[in-house]
Amino acid sequence: MTDSPPLDRPATPTPDGHTLEPWEVFRQEKEGDPMRHGGSVMAPDPELAVHYARELFGRRQESVRLWIVRRSDIHDLDDVDLLQPPLDRSFKKPGGYVMRDKLAAARERSGTKKPKARSR
Amino acid sequence: MTATAQDLLPATRNALSLLLLAMADDEFVIGFSDSEWTGIAPLLEEDVAMSSLAQDELGHAQALYRLLAELVDDGRNADAIAFDRPPEGYYHARLLDHPRGDWADTIARRFLYDTADSVRLEALAEGSWPPLADLVGKIRREERYHLLHVGAWFERLAAADGEPRRRLLDALGRLAPDAATVLAPLPDELGLVLAGIADATSDELEARWEARIRPTFERLDLPMPPPARDPGRSRTDHSDAFRWLHGEFTAVRRLDREATW
Amino acid sequence: MTDPIALDPVLSPTERSRLPFNEEGRSHDQRFDLFEAHVTGGGKVEAGDWMPDEYRTSVLRFVEMHANSELMGVLPEREWLMRAPTLRRKLALTAKVQDEVGHAQLLYRVAEDLGKPREAMFDDLLAGKTKFHNVFHYPTRSWADVGVIAWLVDAAAIVAQQALRDSSYAPYARTMRKICWEESVHIMHGRDVVVTMVNGTAEQRAMIQEALDRWWGPLMQMHGPRSDRAKDRDIHWRIKAKTSEELRQEFLSIYVPRVWELGLSLPDPELRLDEATGEWGYTEPDWNELRTVVTNHGPKSEERLEFRRLNREQTKWVRDTLLAAPGVAA
C-alpha cells in the first residue's frame, strides 16, 4: 500500500446532502502488469470517482488501466497471527532446502562431477 | 537431561511428559487424519484452507514432540517418538479415534476438539516452565484462525435447514459422547498444578469448556456433549480406524527405521 | 467441448478503448485483424477484452487442460500423504499437494473468466471430454516415486510454465509467474527426497533407480511430439512461446546432468548430448503410448476419474450449503 491503512471515519456530507466517501484507486502501469494500489480519491458516486481517479492517476498517460473501488467495499486483513503465524514454515519456502552438502556427498560416493553451470 | 529439565522435580517431569505426549498425540492424530482432505475437499478454496489447518496441527505436534524428546532425553528424536510406537502406545483422546468421515463429521470433530484444546492451552499459557509456556503462546496464536474458520462452518451447518443440519446432528450423535475425553484427567496432574505449570485440574477445565460452548450450543439448538464415560480409559483402547491410520503412517518408515528419509 | 458461440465475455464491452479491437462500432473482420496484429506484435489481452472465437477457445482449451492436470495430479501423490516417513516430509508433501490444489483454483478462475463455469469444466473432465497430462495417468509404487515425481515431473512442468510467463493472455501469464515460484520449492523438495535416499541405504538407492526407470518414458512423452512451429496456432497467438521439442531439450539439458550427478542411470542408451550442436539425442518416445494414455486409456485413468466422480457426488451437499443461506460471519 502506498499510504497508511484506511481510517474508520464517517463519510463527509456535501451541501446538497450527498456524502463524499473515499474510493481506492488501483492502476496498471503497462500492459500485462498486475494492478497496484495508487492511492484514493473522495467522491459522492461511481461516475465522479472514476473521473477523479483519472485526473489523479492518469492525466499524464502514466496508467493503461484503473480500478476504482469504494473503500467500504474493501475487506482489510492485517492480523499478524493469520498472515505471519509464528511457527516454522520453512518446508514451504526455498530456504528450507539447502542441499550443497548432500549433493557433494552423493558425488563423492559415485565418483561424478558437478554439472556445468548453464547460461540460460 | 537438558538444562531446563533439570529444574523440574522427577514427579513433575513424569506428569509433564504425559501431558506433552497427550497433547502431541492429539495434534498428530487429528492433523494426520484431516490432512486426508487435501485434494478432495468439497470446494477448491476450502481444500486449501483445511489443508492449512491440518499442517498447523502437525507443526504443533512436531514442536511438542521435540520438547518431549528434550525432556525425556532417552536418545529418541521427535520423529522416533511420533512414528515408532505400536498402536497401543499412542496417548491421544478417544474423540480423535473417530475417522475423518464426511464434512459434517470433520467439522463437528474439529469444533469439539479445537474448543477443548483452546481451554487446555489457556490453562498452560502462564505456566512456570518457560519452554512450554513459550510454545503454548505461539500455538494459541495459530489456533485463533482454526477457531474462526471451524466455528464459521459449525454455525453454517447448524443454521442450514435440511441435510446439512441433519448431518451435523448425526455427527454430534456419534462424536459428542467422546468429546470430553480431550480434557479427561491425566495421571499426576495435580503435581502440574502445584508446580505452576497448569493453572487448573482437568475437572475445572472441563467445566470451563462446557461454559464456553454452552451459549453456542443453546443458540444453535444442539444437545450439549455429555461428560466423558469411563474417563480413566479416555486415551487408551484405540479404534480400528486408528489402527488403519497407524498402518498408513508407519508404512514407509517400517521399511527401515534406521534409514534417513 | 463447449460451443464457442456460447461463451460470453465476463465484463461488458466498451465504447472506446485503448485497444481498437474493443470498439463496438467496428466490423468483426476489422476487429479480428486488429486483434491479430496486436497479439502477434507482442500485445497483451485481458479478460474483459474482445477476442476472436478462435483465440478465446484456444486459450480456454490450454488453460483448462492445465487446470485439469493440477486437479488430477493431486491423486498420485495423495496416496503417499498418509505414509510420509518423517514429520518434515509429511508437512512438505501436504504443502505441495495443497499448492497443486491452489494452482487448480487459480487456473479454473482464469478459465472461468473466459466464459466457462467451473462446474461445466468438471463435468467435461469427468465425462472424459477434456484431457489432463499423461504423467497423472500412471500408478505410484513407492516412496521413491514421490521424490521422482516432485523433482522431475514438476521440473518438466516448470520448464513449460516458465515459457508461459509472457503469454499474450495476461491473466494466464500472471498466474504462471506465481505458479512458477511455488513449483520451484516443490522441485527442491523432490530433489532433497531423492538425494537423501541416494545417500542412504542400498535398498533406498535401488528404490529410487527403479522409480526412475519407470517414470522416464512418461517424462520423455510429457511435452508432446515435435510440431511445426509455423503451423502451431497456439504459438501464432502467442499463447505459448516454445515448441514441444524446445521444451524437451531444455528439460534434458538441465536435468539429465543432475540425475547423472547422483550416480543414477537413465533407461535410454541413446541419451547423450551432441557437443557440437548442443542438442540432446534420445530414443524416440512412444507416441502411441502417449495417445492411448491421454485419451483416458492409461493404467490409472478410469480409476482416478471414477474416484473424482464419486468424491464430487459425496461432497455436493456441502457446496449446496454454501450456495443456499446467506453466509454466517466468521
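Nothing here was measured: the structure is a model prediction, and the numbers come from that model. Naming: A, B, ... by sequence-line order, numbering from 1 per chain.
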>> Is it true that, when you exclude A/Glu62 itself, more than 12 heavy atoms of the residues, nucleotides or ligands shown sit nearer than 6.0 Å to its CD?
In response: yes
> With only heavy atoms counted, which part of A/Gln28 is less than 4.5 Å from chain C, the side chain, the backbone, both or neither?
Replying inline: side chain
> Do A/Thr112 and C/Leu262 pass the side-chain contact (heavy atoms from CB on, under 4.5 Å) test, and can you show the C-alpha distance, the side-chain angles, and the key distance before you say yes or no?
Replying inline: CA-CA 7 Å; A/Thr112 51; C/Leu262 301 178; over 6 Å; no
>> Please classify the contact between C/Arg191 and chain A as side chain, backbone, both or neither, with a heavy-atom cut-off of under 4.5 Å.
In response: both
> Applying a criterion of heavy atom separation less than 4.5 Å, what residues of residues 81-90 of chain A form contacts with chain C?
Replying inline: A/Asp88, A/Ser90
>> Does any backbone or side-chain atom of C/Glu261 lie under 4.5 Å from a heavy atom of chain A? Answer side chain, backbone, both or neither.
In response: both
> Does the side chain of A/Asp33 reach to within under 4.5 Å of the side chain of C/Lys44, using non-hydrogen atoms?
Replying inline: no
>> Please classify the contact between A/Lys114 and chain C as side chain, backbone, both or neither, with a heavy-atom cut-off of under 4.5 Å.
In response: both
> chain C heavy atoms under 4.5 Å from A/Lys113: which part of the residue, side chain, backbone, both or neither?
Replying inline: backbone
> What's the spacing between C/His189 NE2 and A/Phe91 CZ if we round to 0.5 Å?
Replying inline: 11.0 Å
> With C/Trp280, which residues qualify under ring pair (Phe, Tyr, Trp, His ring centres under 6.0 Å), at least two apart?
Replying inline: C/Trp260
> Among residues 180-188 of chain C, which ones touch chain A with a heavy-atom distance under 4.5 Å?
Replying inline: C/Trp181, C/Val185, C/Met188
>> Is A/Arg107 in contact with chain C via its backbone, its side chain, both, or neither, using a 4.5 Å heavy-atom distance?
In response: both
> Which region of C/Val198, side chain (C-beta onward) or backbone (N, CA, C, O), has a non-hydrogen atom less than 4.5 Å from a non-hydrogen atom of chain A, or is it both or neither?
Replying inline: both
> By a 4.5 Å heavy-atom criterion (distance strictly below it), what part of C/Arg205 contacts chain A: side chain, backbone, both, or neither?
Replying inline: side chain
>> For A/Gly32, is there any backbone N or O sitting under 3.5 Å from a side-chain donor or acceptor partner on C/Arg174?
In response: yes
> Once you round to the nearest 0.5 Å, how far does OG of C/Ser168 lie from CD of A/Glu31?
Replying inline: 10.0 Å
> Side chain of C/Asn199, backbone of A/Lys102: donor and acceptor closer than 3.5 Å?
Replying inline: yes
>> Within residues 86-93 of chain C, which residues come under 4.5 Å of chain A, heavy atom to heavy atom?
In response: C/Arg88, C/Arg89, C/Leu91, C/Ala92
